[in-house]
Engineer: 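What follows is a structure written as structure tokens; I'll ask about it next.
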Amino acid sequence: MSKTATIEIDGKRYEFPIIKGSENEEAIDIKKLRDLTGIITLDPGYKNSGSCTSKITFLDGELGILRYRGYSIEDLAEKADFLEVSFLLIFGELPTAEQLEQFEVDIRKYTLVNEEMKSIIDGFPRTAHPMGVLAALTSALTAFNPKSVNVDNDKEMYQAVCKTMGKFLVIATWTYRKSMGYPLNYYDNTKGYVENFMNLMFKLPTEPYKASPIVIDALDKLFILHADHEQNCSTSTVRMVGSSHAGLFASISAGVSALWGPLHGGANQAVLEMLEEIHKNGGDTDAYMAKAKDKEDPFRLMGFGHRVYKSFDPRAQIIKKAANEVLETLGVDDPILAIAKKLEAAALEDEYFKSRNLYPNVDFYSGIIYRALGIPTDMFTVMFAIGRLPGWIAQWKEMRENKEPIGRPRQIYTGAALRDFNKPE
Ligand code: ACO
């Protein structure tokens, strides 16, 4: 017999089905709650609420498990490349060698961005934060590609995926070129996706440029680790915006804005700024630990804690190892890494952090690698966005294919009761 949950309100009992996921997670299906009882549930921040069923990513925060379409993140980071993982996330299965090659070829068809986009970039001050520019440019793509994709047409959907993957990478790097006052680069269709990222970012017209294979490998891995994370803030935003049948670019632009916040993707920039500040102030990690624990002080140890991981963040473990390797291979001796390690060791031993299950998250070490690779600090969150793009696309596509209803939460009103209109004296 299938499990049910009973809710008793004013002596009346109501039964609700309990649904089970493929990894045995359970949820009380309350779709009929309001119809039957007239009341709703209240769960700000959605700590206890599922917004959808999904076949894309599984994570177990207690056990520190993360899988895309059933494959462990450890396996994917070691054995697959970013476009392979993107294909897997978006279309559900690993591509064959032929499909993967075709995917790359098809993405290349869309790597030119309309030249008129450049006049939009020109309108931004050079000091604008790259994430703000990226959100605006992604949204602007809608103006140049006004036809909304028909999600029921596989060919159209595939084209839209390739177009988004191609153009987003280019405009993401343009935000940096703009901030530096450099000429904007074009995608080179003879090179791979991640190598192109490096070229688009760093190639100058005045000299030859060849990205280091170590750097390309490290970035590829970082993009894989960021590629999806089920219903996080930016992904839920993408699904929510898309649920009104807004287009893919508009939905992704909203995701970029959501990701920017320092409690989400913006944490990677905040971590590095925090580590730099600690370094500048003499490296006293104890003082910052004390600040983080002081309830009168709003300071938080950036890169620590996670809404769902309550034992460890498996991505952080892979990144920590990669950070060590990259710095060693590139021969970089970064005092910031030493501070990060000291802080991590202190937090792992500290009662405050232990009792609240606060462990280093994916962002704690990613900034250190980005820095070693020559990526400027305010581009860190853009790096996250490039990595997260296939996840956003996959989740948007799934939401539309599942014909999910428009996202429209309810509320409990706590404002004034009806009052007479009198102008204040
Ligand atoms: N430093 C110090 N204390 C913290 C931290 C931190 N980084 N994170 C949480 N706490 C404390 C809170 O003060 C709270 O303490 P209390 O119970 O005594 O009031 C308790 O731990 C629980 O914190 P919440 O904010 O309720 O936890 P929540 O699950 O809502 O937040 C979040 C998770 C936003 C990630 C939080 O841990 C945080 O702000 N971390 C720093 C920012 C960061 O690194 N964000 C990146 C997240 S990963 C990602 O987006 C890819």
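Atoms within each ligand, like the ligands themselves, are counted from 1 in listed order.
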Engineer: Just how far is it from atom NE2 of H226 to atom CG of L389, taken to the nearest 0.5 Å?
Structural biologist: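 The CG atom of L389 is 14.0 Å from NE2 of H226, to the nearest 0.5 Å.
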Engineer: Just need the protein heavy atom nearest to atom 42 (C) of ligand 1, so name the residue and atom and give the distance.
Structural biologist: M302 CE, 3.4 Å
Engineer: Looking at G305, which atoms of ligand 1 are within less than 4.0 Å of one of its heavy atoms?
Structural biologist: 35 (C), 37 (O)
Engineer: Heavy atom under 4.0 Å from ligand 1: found in R307's side chain, backbone, both, or neither?
Structural biologist: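 Both of them.
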Engineer: Once you restrict to heavy atoms under 4.0 Å, what part of D313 touches ligand 1? Side chain, backbone, both or neither.
Structural biologist: neither
Engineer: Which of the numbered atoms in ligand 1 are under 4.0 angstrom from any heavy atom belonging to A267?
Structural biologist: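 Answer for ligand 1: 43 (C), 44 (O), 45 (N), 46 (C).
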Engineer: Please say which of F312, Y365, F364, Y359 ends up in a ring-ring contact (aromatic ring centres under 6.0 Å, His included) with F304.
Structural biologist: F364
Engineer: Salt bridge or not between K403 and D152? Use side-chain N to carboxylate O under 4.0 Å.
Structural biologist: yes
Engineer: Which distance, rounded to the nearest 0.5 Å, do you find between the CG of L275 and the NZ of K342?
Structural biologist: 12.0 Å
Engineer: What protein heavy atom lies closest to atom 24 (P) of ligand 1? Include the residue and the distance to one decimal.
Structural biologist: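 Ranking protein heavy atoms by distance from atom 24 (P) of ligand 1, first comes R300 NH2, 4.0 Å.
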Engineer: Would you call the rings of F82 and Y193 parallel, tilted or perpendicular, taking 30° and 60° as the class edges?
Structural biologist: tilted
Engineer: What do we get for K295 next to ligand 1 when only non-hydrogen atoms under 4.0 Å count, side chain, backbone, both or neither?
Structural biologist: side chain
Engineer: May I ask you to list the atoms of ligand 1 that are less than 4.0 angstrom from any heavy atom of K47?
Structural biologist: 26 (O), 30 (O)
Engineer: Please confirm whether F384 comes under 4.0 Å of ligand 1, counting heavy atoms of the residue only.
Structural biologist: yes
Engineer: Find all atoms of ligand 1 within a distance of less than 4.0 Å from any non-hydrogen atom belonging to G303, and give their numbers and elements.
Structural biologist: 43 (C), 44 (O)
Engineer: So which of Y309, F384, W392 actually passes ring-ring contact (aromatic ring centres under 6.0 Å, His included) with H229?
Structural biologist: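 It is Y309, the one option of Y309, F384, W392 that forms the ring-ring contact (aromatic ring centres under 6.0 Å, His included) with H229.
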Engineer: Identify the closest protein heavy atom to atom 48 (S) of ligand 1: which residue and atom is it, and at what distance?
Structural biologist: H306 CD2, 3.5 Å
Engineer: Measuring only between side-chain heavy atoms, which start at C-beta, is E404 closer than 4.5 Å to S243?
Structural biologist: no
Engineer: For ligand 1, does N232 get within less than 4.0 Å through its side chain, its backbone, both, or neither, judged by non-hydrogen atoms?
Structural biologist: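 Near ligand 1, N232 shows nothing, with every heavy atom at 4.0 Å or more.
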Engineer: Does Y352 reach ligand 1, in the sense of a heavy atom lying below 4.0 Å from it?
Structural biologist: yes
Engineer: Tell me which part of L263 gets within contact of ligand 1: side chain, backbone, both or neither, using heavy atoms under 4.0 Å.
Structural biologist: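 The answer is both.
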Engineer: So which protein heavy atom does atom 49 (C) of ligand 1 come closest to, and at what separation?
Structural biologist: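 Atom 49 (C) of ligand 1 sits closest to the protein heavy atom D363 OD2, 3.7 Å.
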Engineer: If the cut-off is 4.0 Å to any non-hydrogen atom of V362, which atoms of ligand 1 fall inside it?
Structural biologist: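 Reading through ligand 1 atom by atom, the close ones are 51 (C).
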Engineer: Tell me: protein heavy atom nearest atom 7 (N) of ligand 1, and distance?
Structural biologist: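 Heavy-atom neighbour on the protein nearest atom 7 (N) of ligand 1: L301 O, 2.8 Å.
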Engineer: Would you tell me whether N189 and T111 have side-chain atoms, one donor and one acceptor, within less than 3.5 Å of each other?
Structural biologist: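 Yes - a donor-acceptor pair under 3.5 Å links their side chains.
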Engineer: One residue to check: L358. Relative to ligand 1, which of side chain, backbone, both or neither has a non-hydrogen atom less than 4.0 Å away?
Structural biologist: side chain
Engineer: If we ignore hydrogens and angles and just use 3.5 Å, is the side chain of S49 paired with the main-chain N or O of Y46 as donor and acceptor?
Structural biologist: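 No: the side chain of S49 does not pair with the backbone of Y46.
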Engineer: With nothing but distance in play, are any N or O atoms of F299 less than 3.5 Å from an N or O of ligand 1?
Structural biologist: no
Engineer: Just which atoms of ligand 1 are under 4.0 Å from any heavy atom in A292?
Structural biologist: 2 (C)
Engineer: Under a 4.0 Å N-O cut-off, is there an ion pair linking E398 with K55?
Structural biologist: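 Not counted as a salt bridge, because no side-chain N and carboxylate O are separated by less than 4.0 Å.
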Engineer: Any idea which protein heavy atom is nearest atom 20 (C) of ligand 1, and the distance to it?
Structural biologist: R356 CD, 3.7 Å
Engineer: Is the closest side-chain heavy-atom distance between E74 and Q317 below 4.5 Å?
Structural biologist: no
Engineer: Establish, from distance only, whether the side-chain atoms of N232 and S234 form a donor-acceptor pair under 3.5 Å.
Structural biologist: yes
Engineer: What do you think, any protein heavy atom under 4.0 angstrom from atom 22 (C) of ligand 1?
Structural biologist: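 No, no protein heavy atom sits under 4.0 Å from atom 22 (C) of ligand 1.
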Engineer: Is the terminal nitrogen or CZ of K203 (NZ for Lys, CZ for Arg) located under 6.0 angstrom from the six-membered ring centre of Y209 and within 45° of that ring's axis?
Structural biologist: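 Ring-cation test returns no.
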Engineer: Is E276 salt-bridged to K280, going by a charged N under 4.0 Å from an acidic O?
Structural biologist: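 Answer for the salt bridge query: no.
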Engineer: Give me the nearest non-hydrogen protein atom to atom 40 (N) of ligand 1 as residue plus atom name, then the distance to 0.1 Å.
Structural biologist: F304 O, 2.9 Å
Engineer: Identify the protein heavy atom lying closest to atom 50 (O) of ligand 1, giving its residue, its atom name and the separation to 0.1 Å.
Structural biologist: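 Going atom by atom, the protein heavy atom closest to atom 50 (O) of ligand 1 ends up being H264 ND1, 3.0 Å.
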